[in-house]
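In this text, all values refer to a predicted model and were calculated from it rather than measured experimentally.
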Amino acid sequence: MPGKADAVAAAARDAGVNLYRADADHVSVSCDETTTREQLAAVWDAFGVTADVEALDAATEDALPAGLLRSDAYLTHPVFHAHRSETSMLRYLRRLADRDYALDRGMIPLGSCTMKLNATTEMEPVTWPEFGQMHPFAPVGQAEGYLTLITELEERLAEVTGYDKVSIQPNAGSQGELAGLLAVRAYHRANGDEQRTVCLIPSSAHGTNAASAVMAGMKVVVVKTADDGEVDVEDLRAKIAQYRDELSVLMITYPSTHGVFEEHVADICAEVHEAGGQVYVDGANLNALVGLAKPGHFGGDVSHLNLHKTFCIPHGGGGPGVGPVGVRAHLAPYLPNHPLQPTAGPETGVGPISAAPWAPPASCRSPGRTCA
């Protein structure tokens, strides 16, 4: 508007709308989803323009396709009508939080995912740049300290679990599950048992068990859970008999998600082995076993370990999960390896499970930080 910017801005201001005066010849206008038709008309009047909003709206194609428009009701719960302001909703949520039983207020007996609070004395050292800023593909000669830590950790985890070999490449328990199941599949294939693809999983198992099995190319068959929370042994035996020639692996959580120690776990493992299958012991609740029992000794062939659950390493907002996978000797040749780091796994391994050859240390929690 040559020479008229001040006049246009003043006219709009008189109509209750502020326009930005860029210079004597220009004003700047912005609209968003809160702009009303009345406000548009006021701005047009300030410019001395007359327009039909309804006609313009009808002639303009909607930016949002009709197929994406929501037609059903939403926010129908009474709580969304009882609280009519952000402050009121905030106070309601706070009241709910006060009624919750949280880890910062007391102990939750079943360890599992609840062991995630970490002492400041744990958190502070892992923020040191010498520890937390190592690139995952730095020359091995520059990471000798890391390699020492990795080797010692693998050896100690093998001792704790009773397994022969451990890989700490997986970055989470779910990745550890996938790595373990891929090792089982590779083992069967190496033995010429391509048809062994059935994975037996109790109905009480973690959901990731079934998801990991499907990702590993297996067929999931659900085994019943007894009233006391243990695996229904009779149903398990029936499934073993039914799928004997196709049985690849049984996945069990010990102790179970219900907190139950399977009384017949050794017998269950023996029957699966007798049928030619392997036994995957989910290590989610390993904190209940450490120092008392070893999965590799009572019949397990492979387990993943959630270090943030069992040993309370930094996790969540304090760092990534680490889900090492431990195996008995016959599965060791099929652990994860990495094409860019020959020392990260066996030559006959199943390939990388994660982008980096070893799981990141718990210190790698800062945006943009790349760690080994």
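Taking hydrophobic clusters as Ile, Leu, Val, Met, Phe, Trp and Tyr residues chained together by side-chain heavy-atom distances below 4.5 Å, Leu307 shares a cluster with Val166. Taken together through direct or relayed side-chain contacts under 4.5 Å among Ile, Leu, Val, Met, Phe, Trp and Tyr, Leu90 and Tyr92 form parts of separate hydrophobic clusters. No continuous path of hydrophobic side-chain contacts links Val221 to Leu181 [ILVMFWY only; heavy atoms under 4.5 Å]. Taken together through direct or relayed side-chain contacts under 4.5 Å among Ile, Leu, Val, Met, Phe, Trp and Tyr, Val214 and Val302 form part of one hydrophobic cluster. Hydrophobic clustering (side-chain heavy atoms under 4.5 Å, transitive across Ile, Leu, Val, Met, Phe, Trp, Tyr) keeps Val281 apart from Leu331.
Heavy-atom neighbours of Asp72 CG from other residues, nucleotides or ligands within 6.0 Å: above the threshold of 12. Annotation: Glu347, atom CD; neighbour count of heavy atoms from other residues, nucleotides and ligands within 6.0 Å does not exceed 12. Open room surrounds OH on Tyr20; 12 or fewer heavy atoms of other groups in view lie less than 6.0 Å from it. In Lys165, the NZ atom is not crowded: 12 or fewer heavy atoms of neighbouring residues, nucleotides or ligands sit closer than 6.0 Å. For Arg94, the CZ atom sits in a loose shell: 12 or fewer heavy atoms of surrounding residues, nucleotides or ligands are nearer than 6.0 Å. When the shell of 6.0 Å around CE of Met89 is examined, it contains more than 12 heavy atoms from other residues, nucleotides or ligands.
No side-chain donor-acceptor contact under 3.5 Å links Asp62 to the backbone of Leu64. Remark: the backbone N or O of Gln169 is paired with a side-chain donor or acceptor of Ser354 at under 3.5 angstrom. For Asp232 (side chain) and Thr225 (main-chain N/O), no donor-acceptor pair under 3.5 Å exists by modelled atom type. Without hydrogens or angle criteria, Asp282 side chain to Met251 main chain gives no donor-acceptor distance under 3.5 Å. Under a 3.5 Å cut-off, the side chain of Arg185 and the backbone N or O of Gly217 do form a donor-acceptor pair. No donor-acceptor pair closer than 3.5 Å links the side chain of Asn191 to the backbone N or O of Asp193. Between the side chain of His77 and the backbone N or O of Val79, at least one donor-acceptor pair lies under 3.5 Å. Checked by atom type and distance alone, the side chain of Ser248 never pairs as donor or acceptor with a backbone atom of Cys199 at under 3.5 Å. Using a distance-only test at 3.5 Å, with no hydrogens or angles considered, a donor-acceptor pair links the side chain of Asn337 to the main chain of Gly351. Using a distance-only test at 3.5 Å, with no hydrogens or angles considered, a donor-acceptor pair links the side chain of Thr348 to the main chain of Pro333.
Interatomic distance, CD of Glu262 versus CD1 of Ile252, reported as 6.5 Å (0.5 Å rounding). Atom CD1 of Ile353 and atom CG of Leu178 lie 4.5 Å apart (nearest 0.5 Å). Taken to the nearest 0.5 Å, the CD atom of Glu194 stands 11.0 Å off from the NE2 atom of His188. Separation of atoms CG (Asp301) and CG (Asp164) is listed at 10.5 Å; rounding is to 0.5 Å. One distance of note links CG of Leu40 with CZ of Arg37; it measures 8.5 Å at 0.5 Å rounding. A distance of 11.5 Å separates CD of Gln242 from CD1 of Ile240, quoted to the nearest 0.5 Å.
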Inset, instruction - List the steps, then state whether side chain to side chain contact (heavy atoms under 4.5 Å, CB included) holds for Val260 with Asp228. - result: CA-CA 8 Å; Val260 174; Asp228 61 1; 5.7 Å; no
Legend entry - Candidate pair Thr343 and Trp358, rule side chain to side chain contact (heavy atoms under 4.5 Å, CB included), full reasoning: CA-CA 10 Å; Thr343 63; Trp358 294 286; 3.7 Å; yes
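Pairing each heavy atom of Ala293 with each of Pro295, the nearest pair is O-CD, 4.1 Å. Listed here is the closest heavy atom pair of Met218 and Val249: SD-CG1, 3.8 Å. The minimum heavy-atom distance between Ser203 and Lys224, with the atom names listed, is OG-C, 4.1 Å. Closest non-hydrogen pair, Val220 versus Ala213, comes out as CG2-CB, 3.8 Å. When every heavy atom of Pro324 is checked against every heavy atom of Leu157, the shortest pair comes out as CG-CD1, 3.9 Å. Closest approach of Ala284 to His206, counting heavy atoms only: CB-CE1, 3.1 Å.
Annotation: Phe137 is in aromatic contact with His338 [ring centroid separation under 6.0 Å].
A salt bridge is defined here as a Lys NZ or Arg NE, NH1 or NH2 lying under 4.0 Å from an Asp or Glu carboxylate O, and Glu159 with Arg156 fails to meet this definition. Taking 4.0 Å as the cut-off between side-chain N and carboxylate O, Glu246 and Arg196 do not count as a salt-bridged pair.
Using a 30° and 60° split on the angle between ring planes, Tyr280 and His304 fall in the tilted class, from 30° to 60°.
A donor-acceptor pair shorter than 3.5 Å can be found between the side chains of Glu177 and Asn209.
The side-chain heavy atoms of Leu236 and Leu200, taken from C-beta on, include a pair separated by under 4.5 Å. Side-chain contact between Leu289 and Tyr254 is present, with heavy atoms from C-beta onward closer than 4.5 Å. Ile168 is listed as a side-chain neighbour of Glu154, based on a closest heavy-atom distance under 4.5 Å. Lys239 places none of its side-chain heavy atoms less than 4.5 Å from the side chain of Val198. Looking at Arg13 and Asn18, their side chains come closer than 4.5 Å, going by heavy atoms from C-beta outward.
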